Trainee: 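I'd like to ask you about the structure that follows.
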Amino acid sequence: MTDRYFDNFMLDYVHEEAAVHAKGAEEGEEGKTDGDNSLLNLLSLPYVTLSEKLKTRALDLKQTIVAETWESTGKNIEDFSLYTGTLGTAFLLFKSYQVTNNKSDLDLCSEIIKACDSASLGSRDVSFLLGRVGVCALGAVVAKHRNNVQMVDYYLTQFREIKINEDVPDEFLRGRAGYLWACLFLNKNLGDQTIPSTQTNAVVDKIVKHGRKLGANTNCPLMFEYAGERYWGAAHGLAGVMYVLMHFELSPDVLMDVKNTLKYMVNNRFPSGNYPRDEEKKTDELVYWCHGASGVCLTLVKAAQVYEDKEFLEAALDAANVVWTRGLLKKVGICHGISGNAYVFLSLYRMTGDVEFLHKAKAFACFLLDRAHKLISDGQMHGGDTPYSLFEGIGGMCYLFFDMADPTNARFPAYEI
């Protein structure tokens with residue numbers, strides 16, 4: 001066990017029909033504890049049984065999260081954002097509705113979004129995760145599911161009125177890439193060209209222009225800065241920007257710049273297969289969505305699909321090995337915790353159909369189901385500075401448990417589209 005992650009003693013893969021025998025062998029091994037055995041017992045369950053357990057736990061967690069973030073606050077909103085705030089609860093309720101078809105979840109989701117709409121007025125952030133665009137985009141999609149045409153029009157009008165100032169960063173968490181993701185979300189759920197390509201292309205062009213300017217003095221075609229740092233990860237840097245750009249129709253020269261930027265990252269990763277936090281490349285420590293192999297892996301999976309390049313798939317597999325070995329983090333969340341790291345394996349399972357990746361996602365989910373509550377209570381796992389939020393707290397774990405019910409359609413929330 002290290003300061004950052006728990007040792008992963010689970011088998012890389014076990015055929016489901018052989019799982020019980022493997023479990024029995026593991027139970028006989030010296031040094032295994034009762035806690036280890038309870039985890040292995042979960043892993044031995046047929047998937048249909050386990051997924052029901054995970055869904056039941058998700059429904060319980062959802063009620064707790066709603067109580068703590070909405071009911072106990074008197075329905076007052078201090079942080080409206082999807083990342084750490086109340087909109088994250090609405091996003092979770094929408095997920096619950098998609099899994100269970102419980103209309104009460106959809107209605108409560110709509111009520112929370114309405115409150116976030118008021119709270120987000122004047123926000124300067126333009127991303128789905130932190131800005132008002134997230135409120136408007138989710139609001140429009142939820143209104144469509146409630147067959148409320150008037151509210152769909154209202155939220156889309158509000159969305160279109162949001163301006164992207166010149167001083168807005170290009171990164172995913174709060175900048176232009178995060179705005180483009182909101183456009184993708186709307187076009188996927190409300191129909192192509194809901195946000196027209198003329199509007200999105202202008203933002204894409206701005207990002208590329210900035211990236212080329214900063215990359216001109218480097219060996220990387222596109223480079224970006226946030227808060228004075230040249231980050232590589234999904235939240236603030238290259239991986240997040242490249243991921244979003246690959247979803248748009250790019251000119252051949254821009255498509256090549258994106259490809260070569262990713263090649264630059266692959267060629268300059270750590271020997272371990274992990275990716276540095278930034279251009280300084282000082283430390284091989286972080287295995288998160290926001291920084292390190294986890295977020296980069298999701299981007300490389302997309303690149304392997306777009307470019308049909310085996311190098312990207314091989315690099316994604318190398319990154320996934322890092323996550324398997326060092327990804328049982330002593331944190332619970334989506335952004336920098338076990339919950340987010342599980343999506344690496346779900347993404348690769350969705351792409352390849354290889355059940356080994358489903359097993360690994362199942363293993364991370366089982367670890368959380370079996371141990372997260374006790375580890376957080378005992379102070380051995382960080383429950384997040386905002387412990388009920390979607391990206392830092394148990395909201396992300398809850399979302400993962402819902403996603404495990406249908407792994408072929410699982411997506412890292414508010415990143416994979």
Side-chain angles (χ1 to χ4, degrees), residues 13 170 172 177 180-181 183-185 187-188 192-193 197 200-201 203-205 207-208 211-212 215 219-224 232-234 237-276 289 292-324 341-361 403 406-412 414-417:
Y13 177 63
D170 294 304
F172 186 88
L180 287 175
W181 195 93
C183 297
L184 292 168
F185 179 76
N187 287 344
K188 177 182 178 180
D192 191 30
Q193 297 297 309
S197 56
T200 56
N201 286 346
V203 182
V204 169
D205 290 346
I207 291 174
V208 172
R212 283 174 168 171
N219 293 319
C220 186
L222 302 172
M223 185 59 65
F224 303 91
W232 280 34
L238 292 173
V241 178
M242 296 307 106
Y243 179 81
V244 171
L245 289 180
M246 284 187 287
H247 287 79
F248 291 90
E249 188 171 338
L250 304 174
S251 63
D253 60 315
V254 175
L255 199 61
M256 187 59 66
D257 278 354
V258 171
K259 181 177 183 178
N260 288 334
T261 296
L262 293 170
K263 293 277 189 181
Y264 169 83
M265 295 175 69
V266 171
N267 293 336
N268 289 279
R269 61 188 159 167
F270 291 119
S272 67
N274 195 20
Y275 289 78
W289 169 75
S294 310
V296 176
C297 184
L298 300 177
T299 297
L300 291 172
V301 169
K302 179 64 179 177
Q305 296 167 330
V306 169
Y307 294 103
E308 298 181 346
D309 188 322
K310 289 184 178 180
E311 182 183 353
F312 288 137
L313 178 56
E314 290 168 359
L317 296 175
D318 290 342
N321 286 334
V322 175
V323 178
W324 178 246
N341 283 353
Y343 280 92
V344 165
F345 309 119
L346 289 171
S347 186
L348 281 165
Y349 172 64
R350 194 174 68 245
M351 180 188 181
T352 68
D354 188 337
V355 290
E356 178 178 337
F357 296 118
L358 180 58
H359 166 78
K360 289 180 174 179
D403 253 341
D406 185 13
T408 57
N409 288 309
R411 301 287 191 281
F412 189 105
Y415 188 69
E416 290 185 289
I417 191 74

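Just so we're clear, the structure is a prediction, and the values are computed from it rather than from any experiment.
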Trainee: What are the two closest heavy atoms between Asp406 and Asn409, and how far apart are they?
Mentor: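 Heavy-atom minimum between the residues: OD2-ND2, 2.8 Å.
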Trainee: Checking Thr261 side chain against Asp257 main chain: does a donor-acceptor pair fall under 3.5 Å?
Mentor: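 Yes; judged by distance alone, with no hydrogens or angles, the pair exists.
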Trainee: Given side chains that start at C-beta, do those of Val306 and Phe312 come closer than 4.5 Å, heavy atoms only?
Mentor: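 SC-SC contact between Val306 and Phe312 ruled out.
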Trainee: Checking the side chain of Trp181 only, and the main-chain atoms of Tyr415 only, is there a donor and an acceptor separated by less than 3.5 Å?
Mentor: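 Judged by distance alone, yes, a pair lies under 3.5 Å.
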Trainee: Please confirm whether the backbone N or O of Ala293 pairs with a side-chain atom of Asn274, one donor and one acceptor, at under 3.5 Å?
Mentor: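 Yes, Asn274 side chain to Ala293 backbone: donor-acceptor pair under 3.5 Å.
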Trainee: What closest approach, in Å, do Ala234 and Ala239 show between heavy atoms, and which atom pair accounts for it?
Mentor: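 Between these two residues, the closest heavy atoms are N-CB, 3.8 Å.
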Trainee: Work out which heavy atom in Met246 is nearest to a heavy atom in Thr299; give both atom names and the distance.
Mentor: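 Taking every non-hydrogen atom into account, CE-O, 3.5 Å.
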Trainee: Ignoring hydrogens and geometry, is there a side-chain-to-backbone donor-acceptor pair from Tyr349 to Pro407 under 3.5 Å?
Mentor: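 Absent.
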Trainee: Indicate the atoms forming the closest heavy-atom contact of Ser294 with Trp289, along with that distance.
Mentor: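 Reported closest heavy-atom pair: CB-N, 3.7 Å.
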Trainee: So how far is it from Ser251 OG to Asn201 CG, rounded to the nearest 0.5 Å?
Mentor: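 Here the interatomic distance stands at 10.0 Å.
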Trainee: In Å, rounded to the nearest 0.5 Å, how long is the span from CG of Leu298 to OH of Tyr343?
Mentor: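 The OH atom of Tyr343 is 10.5 Å from CG of Leu298, to the nearest 0.5 Å.
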Trainee: Please lay out, stage by stage, how Val244 and Ile207 fare under the test side chain to side chain contact (heavy atoms under 4.5 Å, CB included).
Mentor: CA-CA 11 Å; Val244 171; Ile207 291 174; over 6 Å; no
Trainee: Centre-to-centre under 6.0 Å for Trp324 and Phe357, is that the case here?
Mentor: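 No, the ring centres sit 6.0 Å or more apart.
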Trainee: What I'd like to find out is whether the side chain of Lys302 reaches to under 4.5 Å of the side chain of Leu262, using heavy atoms alone.
Mentor: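 A side-chain contact under 4.5 Å is absent here.
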Trainee: Say you draw a straight line from CG of Asp170 to CG of Leu238; how long is it, rounded to the nearest 0.5 Å?
Mentor: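 The distance works out to 11.0 Å.
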Trainee: What is the distance from atom OH of Tyr264 to atom CG of Leu222, rounded to the nearest 0.5 Å?
Mentor: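 Atom-to-atom, Tyr264:OH and Leu222:CG are 12.0 Å apart.
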Trainee: Contact between Tyr275 and Val322 at the side-chain level, heavy atoms closer than 4.5 Å - yes or no?
Mentor: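 Tyr275 vs Val322: side chains apart.
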Trainee: Over all heavy atoms of both residues, which pair between Ala316 and Cys297 is shortest? Give the atoms and the distance, please.
Mentor: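 That closest heavy-atom pairing would be O-SG, 3.3 Å.
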Trainee: Would you mind reporting whether Lys263 and Asp309 have side-chain heavy atoms less than 4.5 Å apart?
Mentor: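 Side chain of Asp309 against side chain of Lys263, heavy atoms only: contact under 4.5 Å found.
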Trainee: Just so I know, are the side chains of Phe412 and Asp403 near enough to count as touching, which here means a heavy-atom distance under 4.5 Å?
Mentor: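 Heavy-atom side-chain distance check fails, nothing below 4.5 Å.
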Trainee: CZ/Phe345 to OG1/Thr352 distance, rounded to the nearest 0.5 angstrom?
Mentor: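 Taking CZ in Phe345 and OG1 in Thr352, the distance rounds to 12.0 Å.
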Trainee: Which heavy-atom pair separates Met242 from Phe224 by the least distance, and what is that distance?
Mentor: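 It is CE-CE1, 3.7 Å.
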Trainee: Less than 3.5 Å apart, any donor N or O on the side chain of Glu249 or Ser197 sitting next to an acceptor on the other?
Mentor: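 No pair is found: no donor N or O on one side chain lies under 3.5 Å from an acceptor on the other.
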Trainee: In the structure I gave you, are the side-chain heavy atoms of Leu313 and Met351 within less than 4.5 Å of one another anywhere?
Mentor: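 Sidechains of Met351 and Leu313: in contact.
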Trainee: Rounded to the nearest 0.5 Å, what's the gap from CG on Asp354 to NZ on Lys360? Could you check?
Mentor: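 Answer for the CG-NZ pair, Asp354 versus Lys360, is 8.5 Å.
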Trainee: With side chains defined as the heavy atoms from C-beta onward, is the minimum distance between Leu300 and Leu317 less than 4.5 Å?
Mentor: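 Contact flag for Leu300/Leu317 side chains = no.
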Trainee: Is any side-chain heavy atom of Phe248 closer than 4.5 Å to one of Val203?
Mentor: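 They are not in side-chain contact.
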